Amino acid sequence: MAIKDYNARVTEKKWQSIWSENAVFQTRNDDPRKKYYVLEMFPYPSGRIHMGHVRCYTIGDAIARFKRACGFNVLHPMGWDAFGIPAENAALQNKVHPKEWTYRNIASMREQLQSMGFSFDWSREFATCDVDYYHFQQAFFLDMYHKGLVLQKTSKVNWDPVDKTVLANEQVIDGRGWRSGAPIEQHERTQWFFRITDYSEELLEGLNRLDQWPEKVRTMQRNWIGKSQGLTIRWQLVVSYKTPKHFTEIEVYTTRPDTIFGAAFIAIAVDHPLARQLAGRDNALQTFIEECKQSDTSTVTFEKAGKKGFKTELNVLHPFDSSWELPVYVANFVLMEYGTGAVFGCPAHDQRDLDFANHYNLSARPVILPQGVSPPDLIVTDVAYPGEGILINSHFLDGLTSEAAFEEVACHLEKKMLDGKPQAARCIQFRLRDWGISRQRYWGCPIPVVYCDHCGVIPVPKADLPVILPDDVSFDQPGNALNRHEEWKAVQCPHCGKAASRETDTMDTFVDSSWYYLRFITQWKKEHTDFVTIENWLPVDQYIGGVEHAILHLLYSRFFTRALNATGYLRIEEPFKKLFTQGMVVHETYRTHHGWVAPSEICITEKDGHRFATLLSTGESVEIGSIEKMSKSKRNVVEPDDILAVYGADTARWFMLSDSPPERDIVWSASGVEGAHRFIHRIWRLVINVADTLRGITPRVAYNDAAGEISKAAHRTLKAVTDDLEKLAFNRAVARLYDFVNVVSPVLQSIDEDDETMKSALRQALDFLISMIAPMMPHLAEECHAALGGKELIANSSWPAFDKTLIIDDNVTMPVQINGKKRGHLIIARNADQITLEKAVLSLDCVVARLNGNSPKKIIVVSQRIVNIVI
RNA sequence: GCGGACGUGGCGAAAUCGGUAUACGCACAGCACUUAAAAUGCUGCGAUUCUUGGAUCAUGCGGGUUCAAGUCCCGCCGUCCGCACCA
């Protein structure tokens with residue numbers, strides 16, 4: 001019999017059209033079944049999908065298809081994170097409008113995703129640059145504004161003096177603009193912020209309930225929020241003719257009040273109001289501050305610059321000893337944004353303070369004795385002791401633990417009054433900063449605000465929304481094109497009606513992605529949006545994406561749902577119930593002395609266990625380098641299109657889910673893909689060879705003989721694969737399916753036409769197999785199902801149920817150990833009692849031989865698992 | 001520096017509750033089919049060792065707990081990731 005070959009390209013297109021024509025993946029909100037919302041992080045429409053997308057969406061699609069089969073009403077949508085800088089770069093470089101570029105990319109990427117056979121409900125698709133989308137974002141901004149969740153303040157931006165534009169941090173490379181190469185300047189600029197810090201405590205505390213998130217991500221968020229508990233202490237300035245007006249004290253935040261008697265100096269930030277005041281009359285200080293500001297704030301430059309300070313002429317009094325004066329420095333290592341912008345330096349117990357003190361010849365007096373160290377041994381030279389211990393050299397604190405000393409200092413200073421106020425207060429600080437959302441870019445959501453010379457800052461009335469991004473802009477020069485659009489900028493003040501000007505900043509694209517998961521759920525109309533339906537679908541049951549979004553995107557989304565609670569839209573706090581972060585797709589790198597070479601340009605041969613690569617074009621030898629994340633610069637990228645053309649979508653999907661656990665990096669290899677492809681053909685051959693024989697056969701369980709073994713294998717595999725898919729252990733499911741095919745395949749190849757029992761059992765085994773591969777290789781599953789005479793679509797079929805009685809055998813094989821080493825095994829009835837079992841074990845040859853006629857000291861029997869004899 | 005994860009054959013990896021270590025795949029080798037190759041099918045495949053069948057050693061290293069440890073505890077070594085002058 002001639003075997004019909006499996007042509008993935010033709011077959012896959014066919015089933016994709018059938019799914020689409022039958023609207024198989026369109027989800028109804030009024031479906032009464034239990035909901036399941038599975039969402040993968042939506043892509044930026046850069047132009048073409050890459051293997052990272054393929055992996056993420058393959059995982060999500062396998063879950064969606066599995067849950068659909070399990071009877072859930074599954075929502076599995078797709079959209080586009082469409083605003084952002086690359087569109088503007090393209091506009092500058094290729095003279096194409098960002099809008100046109102973006103929608104064109106969306107169209108081609110949509111086509112690519114569709115050819116992967118992903119079961120998205122395309123009827124819910126949208127892009128964040130759609131006016132209908134950002135319209136609501138502007139409305140949320142206004143609601144948050146009126147709720148006090150939006151504020152305006154000045155903050156630093158990276159200014160490119162040549163391109164005369166503001167750059168994002170990623171556009172600053174080694175302190176220079178990515179385009180112009182000019183040294184970047186730090187400019188102060190008024191910008192819009194969301195008050196995410198209002199929710200610091202809640203966002204931190206909420207992490208405890210996100211027990212279905214990876215611990216890693218929760219830890220990263222905890223560190224990012226960075227809660228610390230300490231004391232703000234007011235240090236009185238020594239009054240002299242040098243003391244500036246209005247300054248009588250310096251407020252300092254510390255988490256270590258126990259080290260207060262080890263204080264050696266006070267350091268304030270260069271932006272501290274007192275530093276500015278002093279700089280006004282001190283040119284040397286002014287110069288120092290300028291210098292500090294020039295070096296950008298990145299860690300690298302900090303490390304190079306070292307800790308620098310400027311000694312002012314001011315002194316402060318120690319809070320517990322009014323005869324003790326400490327010098328005040330302006331220092332580059334103190335951050336104005338954290339705490340009070342001022343610290344007290346305790347050199348003996350803080351490495352940074354010690355470095356500074358050594359540089360400026362300040363003494364380091366130890367006040368904390370580590371456990372097991374006696375006072376004479378404690379000399380601090382260049383390594384500080386930052387831990388806790390017992391207090392010494394600290395007057396009334398001597399002998400206390402660090403913890404007790406903290407309390408003691410707090411209690412004393414809370415009672416001690418200075419100018420009618422307590423000298424210290426307990427204080428909780430967070431590392432988390434307010435979220436700056438202003439971007440000086442064209443291609444983003446306009447911030448709906450108007451500036452009026454008479455009325456000031458006026459939010460656009462909701463009735464005037466949306467503030468539409470104008471299309472007629474020019475990209476002949478860098479910078480924000482909105483700024484140059486005089487006609488668009490000119491607007492009547494909504495308040496007084498006089499001429500006013502629009503805000504030309506647009507929103508950070510992280511705002512766009514902070515609420516997109518709501519937008520898929522229902523139709524959003526101008527007047528009304530159905531938040532009840534939205535709430536019914538929330539939270540997202542399974543969210544999937546790269547770990548690179550572990551902090552910002554996920555934190556902002558968590559904030560946004562809380563903001564929507566505060567503005568009365570929702571009563572759900574956490575948007576994502578379960579989170580999965582998949583690993584990267586990595587590939588070997590290849591290089592010649594001319595540079596990196598792409599995998600498609602080389603040929604690999606193997607000799608004596610070593611692999612050699614040569615250049616296809618010239619035969620030149622190529623060095624096989626390390627395995628790295630696929631990137632254009634290393635040229636180790638494999639294009640999904642190429643894989644699709646040669647092997648088809650199912651091969652790519654199967655490969656992605658095989659071998660490596662989904663959270664780990666997967667190494668893309670040609671031989672691995674070949675292996676995946678072989679398996680597809682193997683299944684197809686098995687099915688098509690018996691299709692005529694098994695078509696029309698009723699699938700049935702067999703309870704004995706050879707057919708019984710097939711049934712048992714089928715039902716056991718089904719149970720195991722179901723469990724694996726539930727846990728997203730795709731690699732284990734794949735291994736079990738290989739195993740199962742290895743069991744079924746020889747039987748299928750020598751099928752007895754007259755053995756009706758066997759035929760029924762095999763038919764069921766194949767039906768199970770098809771159902772089990774369907775979430776991962778949906779096209780092959782449909783084709784096999786149809787070949788066996790199936791009328792329904794597998795995509796619409798239910799997940800099969802296994803028969804519990806077949807999972808458990810009557811007999812059980814128990815390994816027999818002697819002194820913990822396996823020496824044999826025993827096959828015995830599962831329900832055998834202890835006495836029968838011991839008797840059987842002691843009569844085994846391997847046991848008798850080793851006992852030498854003696855009786856064992858002990859026999860340990862773990863029911864249905866193992867026997868261990870101690871002699 | 002702080003925080004987290006991980007370490008098992010030539011490679012990707014299994015071992016779900018402390019109970020048969022190396023399932024499954026890749027690579028490799030042999031055989032069958034073929035004029036030949038590809039494809040396919042079958043077999044072998046941790047190391048050492050002797051005598052078929054065993055024995056001994058193996059889950060980064062060193063200890064410990066236990067009848068039993070890849071898994072638990074203590075101490076090292078190494079790799080990767082995140083954060084980082086955060087007071």
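No experiment lies behind these values; they were computed from the predicted model shown.
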Taking OP1 and OP2 of [N], is either one under 4.0 Å from a side-chain nitrogen or oxygen of [X]?
X        : N     : answer
A/Arg823 : B/A55 : yes
A/Arg352 : B/C86 : yes
A/Asn731 : B/A14 : yes
A/Arg682 : B/A39 : no
A/Lys821 : B/C57 : yes
A/Tyr253 : B/A87 : no
A/Arg685 : B/A39 : no

Strand partner of [N], provided both Watson-Crick or wobble distances fall under 3.5 Å:
N     : answer
B/C28 : B/G44
B/A5  : B/U79
B/C33 : none
B/G19 : B/C67

At 4.0 Å (heavy atoms only), tell me whether [X] reaches a base, stays on the sugar-phosphate, or touches nothing.
X        : result
A/Arg433 : nothing
A/Pro661 : sugar-phosphate
A/Val334 : base
A/Ser660 : sugar-phosphate
A/Val667 : nothing

Give me the distance, rounded to whole Å, that separates [N] from [M] when you measure between the [atom1] atoms they each carry.
N     : M     : atom1 : result
B/G3  : B/A13 : C1'   : 28 Å
B/G19 : B/G64 : P     : 22 Å
B/G70 : B/G7  : C1'   : 11 Å
B/U8  : B/G60 : C1'   : 10 Å
B/U59 : B/C72 : P     : 15 Å
B/U51 : B/A69 : C1'   : 34 Å
B/G30 : B/C17 : C1'   : 42 Å
B/C26 : B/A39 : P     : 13 Å

Interatomic distance where [atom1] belongs to [X] and [atom2] belongs to [N] [whole Å]:
X        : N     : atom1 : atom2 : value
A/Ile551 : B/C81 : CD1   : C1'   : 11 Å
A/Lys227 : B/A87 : NZ    : P     : 14 Å
A/Phe430 : B/C86 : CZ    : P     : 18 Å
A/Arg431 : B/C2  : CZ    : C1'   : 12 Å
A/Gln817 : B/U66 : CD    : C1'   : 12 Å
A/Ile225 : B/C83 : CD1   : P     : 15 Å
A/Lys822 : B/A69 : NZ    : C1'   : 18 Å
A/Ile627 : B/U79 : CD1   : P     : 17 Å

### Message
Could you tell me if the side chain of A/Leu203 sits less than 4.5 Å from the side chain of A/Phe430, heavy atoms only?
### Response
no
Is a side-chain N or O of [X] found less than 3.5 angstrom from the main chain of [Y], in a donor-acceptor match?
X        : Y        : answer
A/Thr340 : A/Glu251 : yes
A/Arg653 : A/Pro775 : yes
A/Arg55  : A/Met584 : yes
A/Arg850 : A/Val848 : no
A/Arg426 : A/Ala410 : no
A/Asn636 : A/His587 : yes
A/Gln229 : A/Ile428 : no

The side chain of [X] is closest to which nucleotide in this list: [options]?
X        : options             : value
A/Ser671 : B/C24, B/C67, B/A27 : B/A27
A/Phe333 : B/A15, B/C86, B/C85 : B/C85
A/Ile866 : B/G19, B/U16, B/A87 : B/G19

Would you call the rings of [X] and [Y] parallel, tilted or perpendicular, where under 30° means parallel and over 60° means perpendicular?
X        : Y        : result
A/His549 : A/His553 : perpendicular
A/Tyr360 : A/Tyr329 : tilted
A/Tyr556 : A/Trp435 : parallel

### Query
Can you tell me how far CE of A/Met630 sits from OG1 of A/Thr589, rounded to the nearest 0.5 angstrom?
12.0 Å
### Task
Go through the N and O atoms of the side chain of A/Arg678 and the base of B/A39, and report whether any donor-acceptor pair is under 3.5 Å.
no
### Task
Can you check whether any acceptor in the base of B/C67 is under 3.5 Å from a donor in the side chain of A/Lys858, or vice versa?
no
### Query
Got a sec? Which of residues 212-223 of chain A come in under 4.0 Å of RNA chain B, heavy atoms?
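Within this stretch, A/Lys216, A/Thr219, A/Met220, A/Asn223 sit under 4.0 Å of the strand.
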### Task
Could you identify which residues of residues 736-744 of chain A place a heavy atom less than 4.0 Å from some atom of RNA chain B, listed by residue number, or say none?
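A/Arg736, A/Tyr738, A/Asp739, A/Asn742, in order of number.
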### Query
Looking at the angle O4'-C1'-N9-C4 for a purine or O4'-C1'-N1-C2 for a pyrimidine, is B/C28 syn or anti, with syn meaning within 90° of 0?
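What B/C28 shows is an anti base, its glycosidic angle lying more than 90° from 0.
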### Message
Syn or anti for B/G9? Use the chi torsion, O4'-C1'-N9-C4 for purines and O4'-C1'-N1-C2 for pyrimidines, with syn inside 90° of 0.
### Response
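For B/G9, whose glycosidic angle is within 90° of 0, the conformation is syn.
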### Query
Got a sec, which pairs hit side-chain hydrogen bond (donor to acceptor under 3.5 Å, both in side chains) with one end in residues 734-743 of chain A, sequence neighbours left out?
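Every pair satisfying side-chain hydrogen bond (donor to acceptor under 3.5 Å, both in side chains) with a residue in residues 734-743 of chain A: A/Trp654-A/Tyr738, A/Arg682-A/Asn742, A/Asp724-A/Arg736.
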### Message
If you assign each of A/Val862 and A/Val870 to its closest nucleotide in RNA chain B, which residue comes earlier from the 5' end?
### Response
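In this pair, the answer is A/Val862.
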### Query
5'-most contact on RNA chain B: A/Gly226 or A/Asn819, nearest heavy atom basis?
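The residue closer to the strand's 5' end, by nearest nucleotide, is A/Asn819.
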### Query
Charged N to carboxylate O below 4.0 Å: is that the case for A/Asp723 and A/Arg732?
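No.
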